[in-house]
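Structure, as structure tokens:
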Amino acid sequence: QVRLVESGGGLVQAGDSLRLSCAASGRAFSRYCMGWFRQAPGKEREFVAAISWSGGSTNYAASVKGRFTISRDNAKNTVYLQMNSLKPEDTAVYYCAAVVSPAVVARTKDYNYWGQGTQVTVSS
């Protein structure tokens, strides 16, 4: 079992940056692939980024590649999402998720554990 708590969301202007954090409680954090997903009003939850348990492999959605960076600190049981050059279309609730896997996982349905989400709003 792992409990995930996101933080760092807020209201920013287009072009600004935000860093989201996801703190995990429970054992064996380093065994989990960690992912970030987002859901905008009226839309399905979509993949944003994921990182392998070692941090050595990452995967990004095309819409955020080059602007967002996922990272993790296994000593702190925390995963981060650095978001730069934010756009209004990045507005959504952002969720942290975890699954036991040595590989990077991008499919929403493969994740077992989810946080409650943090709102990110980007104004134009």
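Position 1 is the first residue of the sequence; numbering continues from there. Treat the numbers as computed from the prediction; the structure is a model and nothing was measured.
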Taking [X] for the side chain and [Y] for the main chain, is one N or O donor matched with an acceptor at less than 3.5 Å?
| X | Y | result |
| --- | --- | --- |
| Thr91 | Val122 | yes |
| Tyr95 | Gln39 | no |
| Ser101 | Val99 | no |
| Glu6 | Gln116 | yes |

Axial cation check for Phe29 ring with Arg72, 6.0 Å and 45° limits: yes

Exceeds 12 heavy-atom contacts within 6.0 angstrom, atom CD of Gln119: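 Atom CD in Gln119 is crowded, with more than 12 foreign heavy atoms closer than 6.0 Å.
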
Close side-chain approach of Arg45 to Trp114, heavy-atom, < 4.5 Å: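 In short, these two side chains touch, coming nearer than 4.5 Å.
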
Student check: side-chain heavy atoms of Asp90 and Arg67 closer than 4.5 Å: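 The answer is yes, as the side chains (C-beta and beyond) meet within the 4.5 Å cut-off.
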
Full working for side-chain contact (heavy atoms from CB on, under 4.5 Å) between Met34 and Leu4: CA-CA 10 Å; Met34 301 298 297; Leu4 305 172; 3.9 Å; yes

Closest heavy-atom pair and its distance - Pro88, Ala14: CD-CB, 4.1 Å

Contact summary for Ile51 and Val104, nearest pair of heavy atoms: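 So the two residues come closest at C-CG2, 4.3 Å.
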
Residue pair Tyr80, Asp73: steps toward the side-chain contact (heavy atoms from CB on, under 4.5 Å) verdict: CA-CA 8 Å; Tyr80 306 97; Asp73 185 339; 4.2 Å; yes

Pairs involving residues 50-124, ordered by first then second residue, that meet disulfide bond (SG atoms under 2.5 Å apart) (sequence neighbours left out):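 Matches after skipping sequence neighbours: Cys22-Cys96.
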
Plane angle bin for Tyr94 and Phe68 - parallel if under 30°, tilted between 30 and 60°, otherwise perpendicular: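 Rings of Phe68 and Tyr94: tilted, 30 to 60°.
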
Among Phe37, Tyr111, Tyr60, the one residue meeting ring pair (Phe, Tyr, Trp, His ring centres under 6.0 Å) with Phe47: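 The single option meeting the ring pair (Phe, Tyr, Trp, His ring centres under 6.0 Å) with Phe47 is Phe37.
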
